[in-house]
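Single-structure report; data block below.
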2 protein chains.
Amino acid sequence: MVSLRQVEAFHAIVEAGSFAAAAQALGTTQPAISKRIVELEADLGFLLFDRGARPPQLTRHGHALLPLCAEMLALRTRMRATLDDPAEYAGQFRIGITELVALTVLPALITRIRARLPRIRLRTEVKLAEDLHQDLLDRRSDMAIAPGPPPGGLLHARKVASLELAWMAGASLGPLPPGPLPAAALARFPLLAQTQRSGLQAVVNEWLLENGQRPQLILACNSLTALSGMTIAGLGIALMPRSQFLPKVASGELRIIETTPPMPRLDYHVLYPASGLEAVAGIVAEEVAAVGPGLG
Amino acid sequence: MVSLRQVEAFHAIVEAGSFAAAAQALGTTQPAISKRIVELEADLGFLLFDRGARPPQLTRHGHALLPLCAEMLALRTRMRATLDDPAEYAGQFRIGITELVALTVLPALITRIRARLPRIRLRTEVKLAEDLHQDLLDRRSDMAIAPGPPPGGLLHARKVASLELAWMAGASLGPLPPGPLPAAALARFPLLAQTQRSGLQAVVNEWLLENGQRPQLILACNSLTALSGMTIAGLGIALMPRSQFLPKVASGELRIIETTPPMPRLDYHVLYPASGLEAVAGIVAEEVAAVGPGLG
DNA sequence: CGAAATTACGGTGCACGTAATTATC
DNA sequence: GATAATTACGTGCACCGTAATTTCG
């Protein structure tokens with residue numbers, strides 16, 4: 001029997017232009033897409049694609065079927081919008097966040113969301129920025145609070161904070177030269193960093209490259225907390241959200257290294273796809289924006 | 001994610017009036033239906049039924065969702081109808097038949113069907129009449145060629161043959177009284193029969209009951225061929241399609257017992273549901289009708 | 001020869017059906 | 001107390017992802 005997954009796959013192939021692209025768009029693999037189409041063709045009793053062409057061309061019947069598929073998928077979206085008042089939404093809502101969010105505004109955010117959407121079933125997952133983006137695109141999450149910029153025009157995006165970043169060094173790292181350091185001087189320190197998939201690390205890479213340095217990481221760790229600990233221990237220097245670590249600076253555990261040119265700010269966005277949950281997501285996004293200043 | 005099976009279940013419950021009735025209509029069980037609804041509600045984020053009422057009442061949101069579901073299911077049906085020329089249909093088509101059909105017109109029928117629908121993938125299954133009806137209702141088959149009457153108004157039905165039936169006795173059963181036998185006299189013979197789910201047996205039961213006799217079967221067997229063998233062997237008498245066994249009568253292996261009142265005729269129908277394959281089924285039905293006289 | 005779809009295959013999660021429980025009239 | 005839906009649970013299947021194969025340009 002025809003299933004929505006098959007219809008979705010067919011539609012995605014036509015939209016994306018190839019089986020492989022459709023697989024990526026739907027967050028699955030090429031063989032899975034291929035199989036869904038074979039099954040759909042068997043169910044319907046006619047071929048949808050002419051496999052003799054590259055890329056596969058729609059058959060006459062495939063063309064005829066396409067608008068029906070689009071309409072069916074639109075209906076699925078409209079089903080979720082049937083809920084006129086988002087406050088009544090009692091379903092699951094998955095928010096992907098960074099560690100920074102988890103350490104700062106998450107408790108306040110959850111409190112605010114529950115106040116406006118009392119029946120919602122929240123799920124949060126901490127990941128690095130690029131993984132959060134991918135989860136959104138693959139529909140594994142409904143919203144992300146992450147450094148931008150958003151990967152494409154596919155997502156609703158709203159800027160919620162602009163973090164001031166600063167290179168930090170532990171007290172035991174030895175004397176620092178006075179005044180702002182150029183990139184070349186900075187790059188001579190051991191660089192501690194989150195992994196390549198992190199938003200902070202993207203800033204580091206870009207800044208170093210723009211200033212003629214090759215990023216050479218000494219140590220990568222996916223935990224910001226662990227990273228700060230290693231920095232304090234004098235293992236190297238790390239780029240971190242300035243305000244979040246000001247207490248450590250005041251206590252003398254961390255020292256701030258100014259740079260020239262200065263580090264850019266890191267913009268946090270709330271991101272969500274068009275998936276029929278926009279009404280709910282819009283409310284959550286408002287609350288994210290409200291707590292945004294707490295990020296730094 | 002919302003699936004067509006969930007939507008189908010929801011729609012069927014509203015149509016049928018209860019979870020249990022929907023399960024029967026869809027050929028599944030009550031728990032399966034219940035689970036699909038729970039999942040659908042979880043996906044959508046709102047309740048569809050008020051479980052506090054008996055039978056469960058649609059919530060406000062359930063009411064709002066219903067037309068979208070109906071539209072989606074209608075789209076699924078239209079998808080199959082996308083095929084404008086049924087002769088191009090290259091899918092599976094499952095025909096349920098009785099043993100009588102298999103023994104008489106099946107080869108001719110298959111030849112004719114393949115001529116008109118050259119790409120079709122035919123599947124045939126031999127079963128007793130009641131099982132054929134159930135397979136149709138549960139969507140396990142696409143067409144049945146079986147004794148009527150059809151169980152409800154749910155199926156397309158077309159009469160394709162009217163079989164003359166006759167009680168038959170083997171040569172070794174001993175002398176028969178001359179002239180037509182009343183039901184009471186007939187019932188004193190050992191009665192051989194197909195099982196209760198057979199169309200022939202339904203005729204026997206009804207006729208005996210109408211004429212004041214309790215059906216008392218000596219031996220039941222689901223094979224008409226085996227039944228005729230046992231009759232020839234003198235184990236008892238059996239009601240069988242008259243024309244099909246005329247050669248055995250001519251050879252003296254079988255004798256015909258006329259009754260009073262005479263046995264009714266057994267009407268064969270071609271049956272198929274509304275499932276989006278009507279165009280194909282209509283063509284197949286024409287061919288069934290064309291070979292119908294071959295049934296007797 | 002390279003890109004892309006299909007086929008093959010092993011594993012896993014999900015959906016089903018049976019049976020027991022709960023709830024409602 | 002009876003009917004109907006839910007919950008619990010074990011099983012089988014279907015779908016997925018990895019990898020190998022085939023098929024085009």
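Quick note on labels: first sequence line is chain A, next is B, and so on, each numbered from 1. Keep in mind that the numbers below use all heavy atoms, side chains included, and drop hydrogens, waters and symmetry copies.
Ranked by how close their nearest DNA chain D nucleotide is to the 5' end, B/Ser18 and A/Gln6 are led by B/Ser18.
Here A/Tyr272 pairs with nothing under the side chain to side chain donor-acceptor pair (under 3.5 Å) rule; sequence neighbours left out. For A/Ser3, the side chain to side chain donor-acceptor pair (under 3.5 Å) criterion is met by no residue, not counting sequence neighbours. Annotation: salt bridge (Lys or Arg N to Asp or Glu O under 4.0 Å) contacts of B/Arg116 (sequence neighbours excluded): B/Glu286, B/Glu287. Remark: B/Glu206 pairs with B/Glu210 by the side-chain contact (heavy atoms from CB on, under 4.5 Å) rule, at least two apart or across chains. Take A/Pro67 and apply the side-chain contact (heavy atoms from CB on, under 4.5 Å) test, not counting sequence neighbours, and it matches no residue.
For residues 55-72 of chain B, the set of pairs meeting the side-chain hydrogen bond (donor to acceptor under 3.5 Å, both in side chains) definition, not counting sequence neighbours, comprises A/Asp84-B/Arg60, A/Glu88-B/Arg60, A/Glu88-B/His61. For residues 121-132 of chain A, the set of pairs meeting the side-chain hydrogen bond (donor to acceptor under 3.5 Å, both in side chains) definition, not counting sequence neighbours, comprises A/Lys127-A/Asp135, A/Asp131-A/Arg197.
For D/dC16, the OP1/OP2 oxygens have a side-chain nitrogen or oxygen of A/Arg5 closer than 4.0 Å. An OP1 or OP2 oxygen of D/dT6 is reached within less than 4.0 angstrom by a side-chain nitrogen or oxygen of B/Arg51.
Counting 5' to 3', DNA chain C first comes under 4.0 angstrom of a heavy atom of chain B and last does so at the ends given by C/dA15 to C/dC25.
Here D/dA4 presents its C1' atom at 14 Å from CD of B/Gln24, a figure rounded to the nearest Å.
Of the residues in residues 27-50 of chain B, those placing a heavy atom less than 4.0 Å from an atom of DNA chain D are B/Gln30, B/Pro31, B/Ser34, in numerical order.
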Would you list the atom pairs, donor with acceptor, under 3.5 Å between side chains in residues 17-26 of chain A and any protein atom, with sequence neighbours excluded?
| residue | atom | partner | partner atom | Å |
| --- | --- | --- | --- | --- |
| A/Ser18 | OG | A/Ala20 | N | 3.4 |
| A/Ser18 | OG | A/Ala21 | N | 3.0 |

Contacts under 3.5 angstrom, residues 73-80 of chain B side chains, donor-acceptor by atom type, not counting sequence neighbours:
| residue | atom | partner | partner atom | Å |
| --- | --- | --- | --- | --- |
| B/Arg76 | NH2 | B/Glu8 | OE2 | 2.9 |
| B/Thr77 | OG1 | B/Leu73 | O | 3.3 |
| B/Arg80 | NH2 | A/Asp43 | O | 2.7 |

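Panel note: side chain B/Arg36, backbone B/Phe10; no donor-acceptor pair is recorded below 3.5 Å.
When the local axes at the two ends of the helix from C/dC1-D/dG25 to C/dC25-D/dG1 are compared, using 5 base pairs at each end, they differ in direction by 50° after rounding to 10°.
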